[in-house]
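The analysis underlying the following values was restricted to heavy atoms, covering all of them including side chains, and did not include hydrogens, waters or symmetry mates. Below, chain A is the first sequence line, B the second, and so on; all start at residue 1. Since we're looking at a predicted model, the values are computed, not measured.
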Amino acid sequence: MKKWWFPAVLFISFILSAIGHYAGFPYTLEFIISAISVIFVAGFLGKATESVAHHAGQRLGGFLNATFGNAAELIIGILLVKEGHFEMVKASITGSIIGNLLLVLGLSVLAGGIKYKIQNYNVSLAGLNGSLMILAIIALFVPAIFLNTKAIEPADTNLLSLIVSGVLIAAYLLWLVFSMITHKDYLADVSDGGPADANHEEAAWSKGRSILYLIIATVMVAFVSEWLVDTLDPMTEKFGLSEIFVGAFVVAIVGNAAEHSAAVILALKNKIGAAVEIAVGSSLQIALFVAPVLVFISHLFASGPMDIVFTVIELAAIGVAVFIAKSITQDGSTNWYEGLLLLAVYVILGVSFYLV
Amino acid sequence: MKKWWFPAVLFISFILSAIGHYAGFPYTLEFIISAISVIFVAGFLGKATESVAHHAGQRLGGFLNATFGNAAELIIGILLVKEGHFEMVKASITGSIIGNLLLVLGLSVLAGGIKYKIQNYNVSLAGLNGSLMILAIIALFVPAIFLNTKAIEPADTNLLSLIVSGVLIAAYLLWLVFSMITHKDYLADVSDGGPADANHEEAAWSKGRSILYLIIATVMVAFVSEWLVDTLDPMTEKFGLSEIFVGAFVVAIVGNAAEHSAAVILALKNKIGAAVEIAVGSSLQIALFVAPVLVFISHLFASGPMDIVFTVIELAAIGVAVFIAKSITQDGSTNWYEGLLLLAVYVILGVSFYLV
Amino acid sequence: MKKWWFPAVLFISFILSAIGHYAGFPYTLEFIISAISVIFVAGFLGKATESVAHHAGQRLGGFLNATFGNAAELIIGILLVKEGHFEMVKASITGSIIGNLLLVLGLSVLAGGIKYKIQNYNVSLAGLNGSLMILAIIALFVPAIFLNTKAIEPADTNLLSLIVSGVLIAAYLLWLVFSMITHKDYLADVSDGGPADANHEEAAWSKGRSILYLIIATVMVAFVSEWLVDTLDPMTEKFGLSEIFVGAFVVAIVGNAAEHSAAVILALKNKIGAAVEIAVGSSLQIALFVAPVLVFISHLFASGPMDIVFTVIELAAIGVAVFIAKSITQDGSTNWYEGLLLLAVYVILGVSFYLV
């Protein structure tokens, strides 16, 4: 991607996509242009993230990437909540979580595992990530179980949703304190400081330029993602897909294109710790921060409050994704077959949602 | 607690609480006096347990504490079964399990983790504790699933309950053989025998006196707990709480006050192994011993046999508590954030049960 | 089993069982003769497997044993599918999975653990086995959840079943590539190459003779198993048992007699890695290969296609078996108490199915 033509194609596809959106190209054409543009914009973001990670260390880099990657999802989520598309929001949250845990993580582990026999990362971080995933599914399952067994009144659902959301946001903010401040070195990447460390290779850009590029790339991803999402409604009708499939798979794949490309590139450079941090960290950020923030924000709009109760098949999808991802990541080492297992579960879920 | 005034306050609050109970003070006053008394009695029990643990080693000390702590629960359980309050018994068993796994363990891990960066304990013991927890939830889930799917007749429920209870009691007794006899050293605390071991500090009391105090303190806890429980029925009505919330949270918190204070004190002395043993061991003892013994005992009373089938929300609460506690304890090391995660789940369950 | 009378009894019981089957002995007599014959034939298979494992290494030996052991199940499964006994097939698949994970593994761990205090095996293999088990239950749970919540039409069930089956078979074949080719040494037994290795003891038979005996023994097991299964229908009626209990327990115990005896013998020789490989490997082979192959084969018969949707209690049984087996095997070390825990869950499930 250091090739001279890369910036040119990046710029041209982005401009074309913008023109297509505002000038109103036919949807199929706009969809294709935007999708191509997303690939290049995401590649740019991946390169920028990698350069920042080079300067900042793998974990902080991974966290920055997850945050910038999810900025797009948060913006899209707010727009959908404002228009009252609560089912679509929950479907895309579901899709984002399983997309990160299964598709992004699976492809990273597979790609890295084909190049390197075994890849290792900090086992304490893996354990804590697993416990945070469990907190996330508990927070989503408990309100659904209490409501479905009629143990609580539907009228109390919004109150319970607000409290659960508050607990999740508090847990997420304290996680940042824990992982960035009090236990930063405890969770450091296993390869950090090693003599043959990949960090010793030359950085693509200076520190300041890397950060600037990271911000520009994130903004571009947010725009292109939205233009692409705008084409989905007519495309959905044209090809006869269900809303839940589009929300959980198409929107989520597009929305996570950035994390996706960055994670795979890092895995191929044997920085699997940063790749896992992007994939798992991004899904945790969606579950522990984006989703509960959307619940709070929904109280500001006239479209009425949104609760945190997901459907049974959404919960099942999130549950199995967490279950297999936790089993695969908890020993702090990965190989190509584990990547394939994650992808196998993604295919099973994808086909099931497609048939809905 | 070596202060001169401690025995005086302990004695006075206990006597006042007894007078209040037998003389019939107003319920709100009696509730406050008993609650204060519980705090001091539990502190006394914690001190005595710690001293016994000093002489006996952390694990035996932890086991003794769990047993003495649960004596109160068993007595209260028998009284409730005799009067046919089966729902209340199951709610308080549920509350006792989740209270130990989430509240007691969470506060111990948090308190210890604030003082010490990382606390370690025997990882083999952690794994076995996790497997025992899973046996416990399997034993509670399987009868409920077979009954709810109408796979077995309600008439066969009592037979199945008796057999499952027999299996659990046998598993518990063999666990004592395993952990105290055949594999005692395999499960020894990691810190035992270390040069800077906390065991080398001076004991508060002699061996004989420690055991005597442990017995006296346990009896006092049993009495004060019961006096406090007696005030709950009118308090429940007065403040409009549901029976399941009172059983699962108020009764359980009071009933576990002893384990609670002992576990936190041990965690603060960097004896996290003993603290985990108290919290996890106590919940295992409730699930594998107290609950099945109550099923057997219920056949002796005219109030008819009690089965082992819990409600869906009780099973969900126990299931999520085991799930997160197993995830957090299985690596044999803890930190403050893991304590917070346990408390976050406890808050989510507490609010959900409160809204029932 | 090197005793001179062993081949004689093996031969005589096999011939008697054959005569009983084709001459039509009374069912009760034929049942007893076949059952005795199975014990000796399985003992022969265990001895042959052990000898092959001696020459081939523990893991390949374990894999060969699982494959030969499951040949019988596949043949029986095809016969049942051809006759449209779909419920019986699923019950025996369920029984085979839980029988291997709980009974075979439990007895092996218990027997080995009584003789040796702690037995160790490759922890990476244990982790991967656990992840494969989770893939298996996800593949069985997801279609059931989507169908039971009416998220997909019954008409789409067969399509979903075929795709899920295809994913499972692909995952199984790639697992063979991974474990036999690309990561063979990574998964090697911990005891391999050790100075006091059990492999240094003398083999019973030469390499060629061991393989020949393995094939002969497998064929004999397949025949005797079928003769025994033939007596089950009338025995079921006579003793008033449900079809699901017979399928899940009697058929499964008989069908797994070979793995059973081989695994226990290996555990007693401190080759716990091979014993786990037989038990866990066999259950994985049933779930990831035999079951999906039967779904594909069912499309060839006039009795109509069989889907992959299991009943709730079958899924519950498989789920809890995987849950406890994963918890116990994941640390790569076993002891007698862990064997007992597996057997305790087997008893709870057995009694529950008996009461159906």
Side-chain angles (χ1 to χ4, degrees), chain B residues 123-124 126-153 155-179 181-183 185-187 288 308 319 322-323 326 330-332, chain C residues 91 98 102 106 109-110 113-120 123 126 130 144 148 242 244-245 248 310-356:
Chain B
V123 72
S124 299
L128 278 160
N129 274 340
S131 296
L132 275 162
M133 286 186 220
I134 289 179
L135 173 66
I137 60 169
I138 288 174
L140 298 181
F141 270 75
V142 169
I145 290 171
F146 274 74
L147 191 69
N148 286 340
T149 58
K150 299 190 171 52
I152 62 171
E153 305 285 316
D156 288 331
T157 310
N158 284 316
L159 178 59
L160 183 57
S161 295
L162 279 179
I163 295 170
V164 168
S165 298
V167 170
L168 289 181
I169 293 171
Y172 185 71
L173 296 179
L174 287 165
W175 167 246
L176 297 185
V177 172
F178 178 82
S179 63
I181 301 172
T182 74
H183 286 62
D185 49 326
Y186 175 63
L187 301 178
L288 302 178
I308 206 165
V322 166
F323 205 26
K326 181 168 157 29
Q330 73 186 357
D331 64 350
Chain C
I98 65 175
L102 300 177
V109 169
L110 177 62
I114 287 171
K115 196 161 169 193
Y116 305 93
K117 191 165 183 183
I118 302 290
Q119 296 189 298
N120 295 302
V123 71
N148 286 340
S242 72
I244 197 164
F245 177 75
F310 284 64
T311 66
V312 173
I313 57 172
E314 286 168 345
L315 290 174
I318 295 172
V320 300
V322 165
F323 205 26
I324 186 96
K326 180 166 157 34
S327 174
I328 279 173
T329 58
Q330 73 186 358
D331 64 351
S333 95
T334 56
N335 56 60
W336 67 263
Y337 189 71
E338 293 183 321
L340 264 178
L341 283 180
L342 293 167
L343 294 174
V345 175
Y346 192 69
V347 169
I348 291 173
L349 288 177
V351 172
S352 301
F353 274 93
Y354 179 80
L355 292 174
V356 167

Residues in residues 317-326 of chain C that sit under 4.5 Å from chain B, counting heavy atoms only: C/Val320, C/Phe323, C/Ile324

Under a 4.5 Å heavy-atom cut-off, does chain C meet the side chain of B/Ser124, its backbone, both or neither? neither

Tell me, please, which residues at least two apart from C/Glu338 pass side chain to side chain donor-acceptor pair (under 3.5 Å).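 With neighbours one apart ignored, the set is empty.
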
Between C/Ser333 and chain B, which part of the residue has a heavy atom less than 4.5 Å away: side chain, backbone, both or neither?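 The side chain, not the backbone.
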
Check each atom of C/Tyr354 against the heavy atoms of chain B and say whether the ones under 4.5 Å are side chain, backbone, both or neither. neither

For each of C/Ile313, C/Leu349, C/Leu340, tally heavy-atom pairs with chain B at distances under 4.5 Å, and name the one with the top tally. C/Ile313

I'd like to know which of C/Ile118, C/Leu342, C/Val312 tops the heavy-atom pair count under 4.5 Å against chain B. C/Ile118

Please output the side-chain donor-acceptor pairs of residues 130-141 of chain B that fall under 3.5 Å, not counting sequence neighbours, one pair per line with the distance.
unit_1   : atom_1 : unit_2   : atom_2 : d
B/Ser131 : OG     : B/Gly127 : O      : 3.4
B/Ser131 : OG     : C/Ser327 : OG     : 2.9

Counting C-beta onward and ignoring hydrogens, is there a side-chain heavy-atom pair between C/Asn335 and B/Phe178 closer than 4.5 Å? yes

Find out whether B/Thr182 and C/Trp336 are in side-chain contact, i.e. whether some heavy atom of one side chain is under 4.5 Å from a heavy atom of the other. yes

Would you check if the side chain of C/Tyr337 reaches a backbone N or O of B/Ala171 as a donor-acceptor pair within less than 3.5 Å? yes

In terms of heavy-atom pairs under 4.5 Å with chain C, which of B/Gln330, B/Glu153, B/His183 leads?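 The answer is B/His183.
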
Cut-off 3.5 Å, no hydrogens considered: what does the side-chain donor-acceptor table look like for residues 155-169 of chain B, sequence neighbours left out?
unit_1   : atom_1 : unit_2   : atom_2 : d
B/Thr157 : OG1    : B/Pro154 : O      : 2.7
B/Ser161 : OG     : B/Thr157 : O      : 2.8
B/Ser161 : OG     : B/Ile308 : N      : 3.0
B/Ser165 : OG     : B/Ser161 : O      : 2.7

